[in-house]
Enquirer: 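Sending over a structure as structure tokens; questions will come in a sec.
Scope of the values below: all heavy atoms of this structure, side chains included, with no hydrogens, waters or symmetry mates. We name chains A, B, ... by the order of the sequence lines, and we start the count at 1 in each one.
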Amino acid sequence: MSTDTASQRLTLVQAVRDGLYGELERDDDVLVMGEDVAENGGVFRATQGLHEAFGDDRVIDTPLSESGIVGSAIGMAAYGLRPVPEIQFMGFIPPAFDQLTSHAARLRNRSRGRYTCPMVVRAPYGGGIRAPELHSESKEMWFVHEPGLKVVVPSTPHDAKGLLASAIRDPDPVVFLEPKLIYRAFRESVPDERYTVPLGEAAVRREGADVTLITWGAMTRPAIEAAEAVADEVDVEVLDLRTLSPLDFETVRTSFEKTGRALVVQEAPRTGGLGSEIVATLQEESLLYQEAPIEQVAGFDTPFPLYALEDYYLPESDRIEDGIRAVATYEI
Amino acid sequence: MSTDTASQRLTLVQAVRDGLYGELERDDDVLVMGEDVAENGGVFRATQGLHEAFGDDRVIDTPLSESGIVGSAIGMAAYGLRPVPEIQFMGFIPPAFDQLTSHAARLRNRSRGRYTCPMVVRAPYGGGIRAPELHSESKEMWFVHEPGLKVVVPSTPHDAKGLLASAIRDPDPVVFLEPKLIYRAFRESVPDERYTVPLGEAAVRREGADVTLITWGAMTRPAIEAAEAVADEVDVEVLDLRTLSPLDFETVRTSFEKTGRALVVQEAPRTGGLGSEIVATLQEESLLYQEAPIEQVAGFDTPFPLYALEDYYLPESDRIEDGIRAVATYEI
Amino acid sequence: MSIIQRGPDEQVQVLTDEGELRPDADAPELSDERLVEMYRTMKLARHFDERAVSLQRQGRMGTYPPMSGQEGAQVASAFALAEQDWIFPSYREHAAIYTRGWSLDQTLLYWMGHEGGNSPPPDTNVFTVTVPIATQIPHATGAAWAAKLRDTSEVMLCYFGDGATSEGDFHEGLNFAGVFDVPAVFFCNNNQWAISVPRERQTAASTLAQKATAYGFDGVQVDGMDPLAVYRVTKAAIEKARDPEEGETRPTMIEAVQYRFGAHTTADDPSVYRDEDEVQRWKEKDPIPRLETYLRGEGVVDDDAVEAIEADVREEVADAIETAEGVQRPAPEELFAHVYAEMPQRLEQQLAYLQRLRDRHGDDALLES
Amino acid sequence: MSIIQRGPDEQVQVLTDEGELRPDADAPELSDERLVEMYRTMKLARHFDERAVSLQRQGRMGTYPPMSGQEGAQVASAFALAEQDWIFPSYREHAAIYTRGWSLDQTLLYWMGHEGGNSPPPDTNVFTVTVPIATQIPHATGAAWAAKLRDTSEVMLCYFGDGATSEGDFHEGLNFAGVFDVPAVFFCNNNQWAISVPRERQTAASTLAQKATAYGFDGVQVDGMDPLAVYRVTKAAIEKARDPEEGETRPTMIEAVQYRFGAHTTADDPSVYRDEDEVQRWKEKDPIPRLETYLRGEGVVDDDAVEAIEADVREEVADAIETAEGVQRPAPEELFAHVYAEMPQRLEQQLAYLQRLRDRHGDDALLES
Ligand SMILES: Cc1ncc(C[n+]2csc(CCOP(=O)(O)OP(=O)(O)O)c2C)c(N)n1
Ligand SMILES: Cc1ncc(C[n+]2csc(CCOP(=O)(O)OP(=O)(O)O)c2C)c(N)n1
Ligand SMILES: [Mg+2]
Ligand SMILES: [Mg+2]
């Protein structure tokens, strides 16, 4: 983070807004569309003030129609614009699932590069905010499993702005998932000026020698907390993936080959989650370095519960600490 | 397979039809619905003759409307019927994705058991039949990752009939994926009478001591072929999962703990596929038995191509043999 | 001609905005007792709504979607059903589901984050509360279709908002209803807003009722803040669905034109997107004083009766709150219950893991995150 | 009143079934040259179709969806476009995309399983062929919306079938078009069947054109086997989209009533679900002899001209087949090309793995499975 340019201490959701503002300003082809994004500024205020600043043609309230939103955004993107549709919650992406997987993901491939789909579908994602049903889902795997899509999840305000800018400038469709649990959880210094954080590069959030902890999004904070809490016993390296697809296996492997032990922490249901892909790849490519089973602290294979039980569902630092210890103390 | 009852040599698609016939006959609440399932008997003839036998109220042509089909089937199932909707190809399930994941999967949970969704969504699946775009997908992970759904893939005519009967009698929603590459590839003796093959139990298709090969659906045949081809060098145990969710980890683990080496063969794209879940689980639970990296022979992380290149996409026996040898000969 | 078969842009009214019987309208077919019950239920709903909003403000409940302004449409439509009929609610139909037997404390429990709140009590013919917009519409169609196949006399009434008419599931659900001529009534609570998006932004159609044309059945617009008009139109639609005359189609779409007085949910601030004048204009059509004026005019209620009802309603709501707040947080095992009829092994393992965590750390630690 | 604003259940016709100019119709606004071109294109389409079906039968091509009976609707609608306009085809619009500059050999290549066949040639304003039903409709709306935002004069014409009108994407795409008043024309090739499902089973609406009511814009039904009527209606719709009069809405839905003479695809056997009589009845409206009769009557073509066209068309199709069959199987690397603008590392690894496999086993072994 630069210190000699002007900056502000922003929350993650403010940084998203700032990123959108910057890209709308930079490129006339960029436009924001979705339910309640204009006058209302988005149900989480992620688009606040954008309608006022950029007007009806750039910041557009649409009908309540996710397939219509993503489908027409695909038409716009193919035409040459750079739409940034918002889906109000990840749990409401399914009506647009067909347009995302059958079209956005395939347009470049299908037309052998003649048509492309430079579009960013933004959606708040994850649990922990006492929300109603289907407002807490973490289903990044719907899109990680889909060739042709990129999937990005920021975990800090600074990254949120920079990754969003990269996503908007990317020539391919990006699903940009915003962990709403940390929309307002903390502030960070975010430069006023535009900048990008590259897609496809994981960040090492904490260096360590004993165990590699791999996570992303809202789980990054409790993961770092847990790493600090056990620091006396175990020296944990914490990786924040940031881009889930295409994934930076290089950084993950390098860390694992150093520590020989790894733990994945994710909010999504365990079975078929990204954690399992990472584990499968690590043991395949780096078995000789492996000193313990690679464990996962993950969501349960149940629907995300209503809020009375959500704290039992979500991995938190006790659970993560237990996981770290299990991995660190394992002896063959 | 029983030999003392009457039986016929049927193809897999005939066995599906036979299974549907039996369940329609057994239980008045069962009904078949979908695009072209009635007079036309289904585009693959999986419902041939059913309309004639059971009439307009039991075998129903619907409008071209996948969300309407699955959504109204959910209403029927909650009411107390047992609908068996067909989606014409797996690639056309996405329009019904929301109804499947937000509703079918959750109705029991949401209502604390007051409403249930005993429904079987059938769809032909997988590649290899020179079909147009989106007619060759293997996206079982959409549903394996979804708590509340069951996922079944038969690989033989006998199983197809018996698993389908179990799925229809199951109190929960089942996605029943039929590998169309082997719809007519071979015949097998199938009893005329009704029978069930239980959900949730993998089959050992070939016993072996050296390597565990885990597969399902259309890949089972080339996997067995490959196992036979290398039989002089390596003794391969071939497991056919049959039910992908909930998965029979018990059988997989038992075999792996015997052989210490494993290979997963799947048609779906590698990243985020079921193979990775199996590998992650095996190394987590049975690392001490592991003698080599667990490899995967999988589809590429690309859209399934049009047919001129599909044979390069699909795992076939050479590729599987290579995989077996790599796993078998690995030395730590 | 039936009340339903008028032009889809003529709005049915029985009461004037002031609550007089319109000169061109017949008196309602309801007994005085039922009219009072209807009135009482609407009063109850209004009071419940106020209390629920304040519970949320006090942190005693999660996000809540208020219904004030919409009680007339909800209650009167539910009153038009026969015993055996079913309703398919969205998330705002607290008064409709109450009318059909769902207790207030269960509704509170639901918004307090308990799954149990969405388990319709056994004797109520109410489907679960549906959160994803419009997705309950095909369910209602399917259930109605099943009832037809089983040759029962049940009719399914499905509620949804103006915003819902833009979703594909609205289209597919109504289209199936038309094709299979199922006994369903599609009741659109057009409250003018889908969160911040006005009705005009949802569709270029001049009425929502005219959308029924696309499905080959009747669409009718009714003053949704006139409970007697809503009752009459819904009743006619239900009867047609149950027992159509020669040449009639069973399904009907009703557009009940009304207004949401409050916020979309307690997380919403409507002052950002609409002005108070508009709200005030619609408040003049408030269904509660309107019905009260009518009932007073007919001598069915007087000051005493109204006061008694108010007291009674307060007590009922207070009791419900007490009951709901007395319910313990569900046991963590409930997370794993009802995912499948039979718990798969992997879930058993995960449940055991959670138990170990609880034993090791205690619930307080796990919950504080 | 514009030709479009008639009642949605009146069908526009210019030619009688026999190919005479209807007494109430004006002569077409097309030059003789263009009329002959239109006729030639329709003949070409018919011949192409026959050859394509036979290629499939001979195992020289994969599944193919024939269009015979529908050439008039396809060609005449595409003829009504201006240079800058775009079309959004489904999988059956071989003649429409040809009219807009897509070569026949590319179409063949596509059905021979080559991705390259779906890469619209640079100067054609044609979107990719879309397989999942109705999903191209929101794309057309979005592109039209983009054109409007960019203030160009482009109009987007979107094709789809009768079956497509039952999908949610039809609804959402048309609804957006109405709300944002975009320059799009929605052209429904109602060929009476969606594979084996008849038009009456798709919807209880008496016409498909009336579905436009739900979106607040015009719907019009045209005889889709009357190329001159199709031309006129499409032209009017395109012009309205480009340059609406005061009070007019830009979008239009056109229902072109027609018939598919052949099978749904080469994998389909229509005798299972429809009888030959029906086919014969519709063949009396065959657009090709109908236009030919008109052109002969007007003295625009004679036996010699028709023969010359037939010979010419045969040659063009034969050349296209030769060209397509001369194209080599794409290199296996093509699997990995164009998944992303830049190939991710994991794909590079998978490509390298495939290369190793090929080196080790040879292509023949890998392909024989
Ligand atoms: C599929 C889906 N998309 C978005 C949402 C978020 N959302 C909740 S309520 C609402 C507005 C609904 O408007 P309307 O249908 O008019 O019903 P009302 O809330 O006015 O009763 C939206 C967009 C949702 N619940 N489901
Ligand atoms: C979403 C989807 N569902 C099902 C199919 C399978 N399918 C291909 S063509 C077809 C019928 C289409 O009918 P219609 O829209 O009338 O067009 P037509 O084929 O008659 O031109 C069906 C069901 C598909 N391609 N896409
Ligand atoms: Mg509303
Ligand atoms: Mg058709």
Enquirer: Answer whether the closest heavy-atom distance between the side chains of C:Glu115 and A:Glu133 falls below 4.5 Å.
Expert: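 No, too far: nothing below the 4.5 Å cut-off.
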Enquirer: Please state whether the side chain, the backbone, both or neither of A:Thr62 comes within less than 4.5 Å of a heavy atom of chain C.
Expert: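 Answer is backbone: N, CA, C or O of A:Thr62 sit under 4.5 Å from chain C.
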Enquirer: Take atom CD of C:Glu325 as the centre, draw a 6.0 Å sphere, and report whether it contains more than 12 heavy atoms from other residues, nucleotides or ligands.
Expert: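 Atom CD in C:Glu325 is packed in, count exceeds 12.
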Enquirer: Might you point out which heavy atoms bring A:Leu64 and C:Gly163 nearest each other, and give the distance in Å?
Expert: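 Scanning both residues completely, I find the closest heavy atoms to be CB-O, 3.5 Å.
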Enquirer: Does C:Pro132 reach the side chain of A:Phe92, with side-chain heavy atoms less than 4.5 Å apart?
Expert: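 Yes, side chains in contact.
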Enquirer: Are side-chain heavy atoms of A:Asp311 and C:Leu366 found at a separation under 4.5 Å?
Expert: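 A side-chain contact is absent here, since even the closest heavy-atom pair is not under 4.5 Å.
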Enquirer: What do you reckon, is CZ of C:Arg358 surrounded by more than 12 foreign heavy atoms closer than 6.0 Å?
Expert: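 Above 12, so yes.
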Enquirer: Would you mind checking which part of C:Ile133 comes under 4.5 Å of any heavy atom in chain A, side chain (CB onward), backbone (N, CA, C, O), both or neither?
Expert: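 Contact with chain A: side chain only.
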Enquirer: If we only count heavy atoms from C-beta on, is the C:Gln202 to A:Pro63 side-chain gap below 4.5 Å?
Expert: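 When only atoms from C-beta onward are counted, A:Pro63 and C:Gln202 do touch, with a gap below 4.5 Å.
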Enquirer: Could you check which of C:Asp363, C:Thr203, C:Asp269 has the highest count of heavy-atom pairs closer than 4.5 Å to chain A?
Expert: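 Most heavy-atom pairs under 4.5 Å with chain A: C:Asp363.
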Enquirer: Taking atom CD of C:Glu322 as the centre, report whether more than 12 heavy atoms of other residues, nucleotides or ligands fall under 6.0 Å from it.
Expert: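 No, not enclosed.
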Enquirer: Measuring heavy-atom distances to chain C, does A:Gln88 have an atom under 4.5 Å in its side chain, in its backbone, in both, or in neither?
Expert: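 Just the side chain, heavy atoms under 4.5 Å.
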Enquirer: Working to the nearest 0.5 Å, report the span between CD of C:Glu333 and CG of A:Leu309.
Expert: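 CG of A:Leu309 is found 9.5 Å from CD of C:Glu333.
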Enquirer: What part of A:Glu66 lies closer than 4.5 angstrom to a heavy atom of chain C: side chain, backbone, both or neither?
Expert: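 Contact with chain C involves both backbone and side-chain atoms of A:Glu66.
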Enquirer: Most heavy-atom pairs under 4.5 angstrom with chain A, which of C:His338, C:Arg360, C:Glu334, C:His264?
Expert: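 Heavy-atom pair counts peak at C:Arg360.
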Enquirer: Please determine, among C:Thr165, C:Thr135, C:Val339, C:Val197, the option with the most heavy-atom pairs under 4.5 Å with chain A.
Expert: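 Option with the greatest count: C:Val197.
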Enquirer: Quick one: which of A:Ile129, A:Asp36, A:Asp322, A:Thr302 has the most heavy-atom pairs under 4.5 Å with chain C, could you say?
Expert: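 The option with the most such pairs is A:Asp36.
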Enquirer: In Å and rounded to the nearest 0.5 Å, what is the NE2 to OG distance from C:His171 to A:Ser65?
Expert: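 Result: 11.5 Å between the selected atoms.
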Enquirer: I need the minimum non-hydrogen distance between A:Asp61 and C:Ser196, along with the two atoms involved.
Expert: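 The answer is OD2-OG, 4.3 Å.
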Enquirer: Could you check if a side-chain atom of A:Asp301 sits within less than 4.5 angstrom of a side-chain atom of C:Phe336, using non-hydrogen atoms only?
Expert: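 A side-chain contact under 4.5 Å is absent here.
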Enquirer: More than 12 foreign heavy atoms under 6.0 Å from CD of C:Gln328: is that the case here?
Expert: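 Not buried by this count: 12 neighbours or fewer within 6.0 Å.
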Enquirer: Using a distance-only test with no angle check, is there a side-chain donor-acceptor pair under 3.5 angstrom linking A:Arg130 and C:Thr63?
Expert: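 No, C:Thr63 and A:Arg130 have no side-chain donor paired with an acceptor closer than 3.5 Å.
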Enquirer: Are the side chains of A:Tyr312 and C:Arg329 in touch, meaning some heavy atoms are under 4.5 Å apart?
Expert: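 Answer yes - side chains close enough.
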Enquirer: For A:Pro305, is it the side chain, the backbone, both or neither that has a heavy atom under 4.5 Å from a heavy atom of chain C?
Expert: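 Contact with chain C involves both backbone and side-chain atoms of A:Pro305.
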Enquirer: So what's closer than 4.5 Å to chain A heavy atoms on C:Ala164: side chain, backbone, both or neither?
Expert: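 Interface part for C:Ala164: backbone (N, CA, C, O).
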Enquirer: How close do C:Pro330 and A:Ala308 get, counting heavy atoms only, and between which atoms?
Expert: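 Heavy-atom minimum between the residues: CD-CB, 3.8 Å.
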Enquirer: Examine whether an atom of C:Leu347 lies under 4.5 Å from a heavy atom of chain A, and if so say whether it belongs to the side chain, the backbone or both; otherwise answer neither.
Expert: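 Contact with chain A: side chain only.
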Enquirer: Does A:Glu233 have more than 12 heavy atoms from other residues, nucleotides or ligands lying within 6.0 Å of its CD?
Expert: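 Atom CD in A:Glu233 is packed in, count exceeds 12.
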Enquirer: Identify which of C:Tyr110, C:Tyr353, C:Tyr91 forms the greatest number of heavy-atom pairs closer than 4.5 Å to chain A.
Expert: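 Highest number of heavy-atom pairs under 4.5 Å: C:Tyr353.
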Enquirer: Mind checking the CD-CZ spacing from A:Glu39 to C:Arg274? Nearest 0.5 Å is all I need.
Expert: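 Between A:Glu39 CD and C:Arg274 CZ, I get 12.5 Å after rounding to 0.5 Å.
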Enquirer: Chain A heavy atoms under 4.5 Å from C:Ala331: which part of the residue, side chain, backbone, both or neither?
Expert: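 For C:Ala331, the backbone is the part near chain A, not the side chain.
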Enquirer: Do A:Tyr307 and C:His114 make a side-chain contact, defined as non-hydrogen atoms from C-beta onward lying under 4.5 Å apart?
Expert: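 They are not in side-chain contact.
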Enquirer: Side chain of A:Arg319, backbone of C:Leu357: donor and acceptor closer than 3.5 Å?
Expert: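 A pair under 3.5 Å: no.
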Enquirer: Under a 4.5 Å cut-off applied to non-hydrogen side-chain atoms, are A:Pro95 and C:Asp169 in contact?
Expert: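 Side chain of A:Pro95 against side chain of C:Asp169, heavy atoms only: no contact under 4.5 Å found.
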